[in-house]
4 protein chains.
Amino acid sequence: MSKQQEIITISRKIIYSKGYQATSISDILDAANIGKGQFYHYFSSKHDLGLAVVEDLVKECDQEVFLEIFQSEFDPITKLNKMLKRTLVFHTDEEGKSGCPVGNLAIEMSEHDETFRLKIQYIFDRWISFIEETLNELIKQGHFPSTMDSKKHAQSIVAMIEGGVLLMKSQKDISFLTNVLDVIREQYRLS
Amino acid sequence: MSKQQEIITISRKIIYSKGYQATSISDILDAANIGKGQFYHYFSSKHDLGLAVVEDLVKECDQEVFLEIFQSEFDPITKLNKMLKRTLVFHTDEEGKSGCPVGNLAIEMSEHDETFRLKIQYIFDRWISFIEETLNELIKQGHFPSTMDSKKHAQSIVAMIEGGVLLMKSQKDISFLTNVLDVIREQYRLS
Amino acid sequence: MSKQQEIITISRKIIYSKGYQATSISDILDAANIGKGQFYHYFSSKHDLGLAVVEDLVKECDQEVFLEIFQSEFDPITKLNKMLKRTLVFHTDEEGKSGCPVGNLAIEMSEHDETFRLKIQYIFDRWISFIEETLNELIKQGHFPSTMDSKKHAQSIVAMIEGGVLLMKSQKDISFLTNVLDVIREQYRLS
Amino acid sequence: MSKQQEIITISRKIIYSKGYQATSISDILDAANIGKGQFYHYFSSKHDLGLAVVEDLVKECDQEVFLEIFQSEFDPITKLNKMLKRTLVFHTDEEGKSGCPVGNLAIEMSEHDETFRLKIQYIFDRWISFIEETLNELIKQGHFPSTMDSKKHAQSIVAMIEGGVLLMKSQKDISFLTNVLDVIREQYRLS
DNA sequence: CATGAATGAGTTTTCATTCAT
DNA sequence: TATGAATGAAAACTCATTCAT
């Protein structure tokens, strides 16, 4: 792994936990064990690093969620179940205390930094699109009525997940997320 | 309105838009047109002000949502519809650009400041409880089957709203919220 | 003297000697024996201080050169002689090593900071105007032929002084200035 | 042109416009499209480069002004006229915005770096000497009275030119220079 | 010769908080 | 109560220089 990627990976963890603004360059330097000069050799500014971190998040979503799940050969029900499963595993590992890496930045940065917002918007857009397509497949299969507005429901599913993660974080209780995931499975008859 | 309340009200607006950490005491002094001495007369620290702001949020929720809606004489369906309506109106006024005042602080502060987290937790707890009770009423009325796990669904409804607001903020598009609200109405047969 | 004026006075000396860019805020803090916070309480930035220093220079020129010499009741020859005398005294005190406070900033800042340039331009404009008026008086008195272009000559006199000071500074020899002043007196028959 | 000379030429332009201190090594690397290693192969430090740049200036003056003009076979009046003409052409090309390459460094560096100062002093010394000699020729020819102090007047002429360029730069108006050059021609009856 | 990664001291600036009046 | 001067630690960023390759 290149030094630059190493810095991004370390920064991502810190930013995920503390937030972008509360993360100081020094926090990163200490964690990565590098000097100021080296940091600014790879990134022109904290903002530049922040964008690189979001970009890294985009790549990971593309790879681990979109490619491995939605663009796979699984049947639609399995796709959605795998997505829900992955969500739970991710937050179980992290003890749920930090919330959603994308959602956190969405809330912290969207209003005041359009460059961040656009990258985050892209992730949500893609995510929703993939779910929408999957719901469309299910409609075609007769799993849902053809009158179903798949876009609305795709947005709702993402909203429920993000909201569930938010609640889990603020209530310090992973059951808030598991319950929301249960309700999704129930409402969309995924199990 | 007392000077102290005035400071809280002004600070709340700024913190709502910029976040707690990104809001400086100077931002508040400028907006409130007061000096440092006056600020520190009323609040012992920025943290103290922050808690007062969350407390103010708690009070408003208690009054405008919990008391006026859930502790009213409306029938349960109306209660839920009024809650959804209020959510939409609030974000329409604010153009949706700042997201949810409670959710924002939940994400920004929960992990690193337990005092903030507890107050926010309390708001969500109460909100969820009221919805749960309302769902229970509906179960009693036969609107939902008696097997329904009202707690789970109450959590889900709050999650959808918070997630919908989060999406609306990051996508800069109020339709993300309206769509999610529609799905709630649809799924719980509120209209 | 107010703290702010004190900072300006100290900064002016340092900037005069080291130049604006080479003067660090720390240089000023050390010399003025104040903390960073205090500095930024009085000045919003280094640039802001720089402008205040030039402004201070403007005021001093207005007072010590323009008001006391040109707007006095002296006859025109005396005015010009007093101006030349003052120039020499100023640089004798300072050992001539730092050059002209205005000329230095003119050269250092004019090209890259228009706000500095405008203030400096104003000083030279006024200075040249006063000399021009004085030359006009001398033309009226028949001391110079009526065909004399007083504006050109006023510019030349300022140029000679500034150039003389520049040479004195770079050659580390005050005689370069005294010689130039002599030539001015000679050419304009001031003695 | 050798790589080293190339770096000097590029650096000279940048330093001429921005000043020595405000010019960073990176500015030069970017403009010259070279790496750090190559720079430090040719120059031991920024200071070393600075001196090489002044040396380059010395050489150019020697060649283009002193050799081609003063050490030529032109008659003295023509020499001085050519010198004035060259001054004007130089600053017309450069739009006058950057001032005199030698004068700028004289003011910026003289007081705090003796090695720079000595090289700059040398240029002015030679320039003044050549003018002095030329004036002496003119005295011999009876163009000026034998009582004329040619050294003083040589210094004055250089002072006027440097001062005229300084005014032109700070007033952003080339007429300040042309006027001063006119006055020189007038006072020394060169046209 | 040449690259560019790495160093680290130094720069300007911000900011919560305290203190004298 | 109220003002705003003062403090000082910490923030983001720059830059000349060195070093491993």
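In this text the structure is predicted, and so the values were computed from the model without any measurement. When reading the values below, keep in mind they use all heavy atoms of this one structure, side chains included, and skip hydrogens, waters and symmetry mates.
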**Atom-pair distance (NZ on K18(B); C1' on dC15(E)), nearest Å** = 12 Å

**Item:** Side-chain N,O (Y40(C)) to OP1/OP2 (dT14(E)) below 4.0 Å
**Value:** no

**Asked** With a 4.5 Å limit on heavy-atom distance, are the side chains of I15(C) and L105(C) in contact?
**Response** yes

**Complete:** Per nearest nucleotide of DNA chain F, the residue lying toward the 5' end, S44(D) or H47(A), is H47(A)

**Prompt:** Below 4.5 Å, heavy atoms only, C-beta onward: do Q4(D) and F43(D) meet side chain to side chain?
**Reply:** yes

**Asked** With side chains defined as the heavy atoms from C-beta onward, is the minimum distance between S45(A) and D48(A) less than 4.5 Å?
**Response** yes

**Prompt:** NA contact type, Y42(B), heavy-atom cut-off 4.0 Å: base, sugar-phosphate, or nothing?
**Reply:** sugar-phosphate

**Prompt:** For L49(A) and Y42(A), what are the C-alpha separation, side-chain angles and deciding distance, and is it a side chain to side chain contact (heavy atoms under 4.5 Å, CB included)?
**Reply:** CA-CA 9 Å; L49(A) 168 77; Y42(A) 291 109; over 6 Å; no

**Complete:** In DNA chain E, stems of three or more consecutive pairs, Watson-Crick or G-U, each with both distances under 3.5 Å, turn out to be E:2-21 with F:2-21

**Complete:** Partner of R12(D) under salt bridge (Lys or Arg N to Asp or Glu O under 4.0 Å), picked from E6(D), E60(D), E55(D), is E60(D)

**Prompt:** Heavy atoms, side chains only, cut-off 4.5 Å: are K3(D) and Q38(D) in contact?
**Reply:** yes

**Item:** Salt bridge E114(A)-K172(B), side-chain N to carboxylate O under 4.0 Å
**Value:** yes

Which atoms of nucleotides 7-11 of chain F (N or O only) lie under 3.5 Å from a protein N or O atom, and what are those distances?
unit_1	atom_1	unit_2	atom_2	d
dT7(F)	OP2	Q38(C)	OE1	2.9
dG8(F)	O6	G37(C)	N	3.1

**Request:** May I have the distance from D48(A) (atom CG) to dA12(F) (atom P), rounded to whole angstrom?
**Result:** 14 Å

**Request:** Tell me which residues in residues 2-11 of chain A put a heavy atom below 4.0 Å from DNA chain F, sorted by number, or none.
**Result:** none

**Message:** Output the rounded distance in Å from CZ (F43(D)) to P (dT18(F)).
**Reply:** 16 Å

**Asked** If we ignore angles and hydrogens, is there a donor and acceptor under 3.5 Å between the side chains of Q5(C) and D56(C)?
**Response** yes

**Request:** For atom NZ of K18(D), decide whether the heavy atoms of other residues, nucleotides or ligands shown that lie under 6.0 angstrom number more than 12.
**Result:** yes

**Message:** If only side-chain N and O atoms count, and only distance matters, is there a donor-acceptor pair under 3.5 Å linking S170(C) with Q121(D)?
**Reply:** no

**Request:** May I have the distance from D30(A) (atom CG) to dG8(E) (atom P), rounded to whole angstrom?
**Result:** 13 Å

**Validation row: K46(A), I28(A) side chains within 4.5 angstrom (heavy atoms)** = no

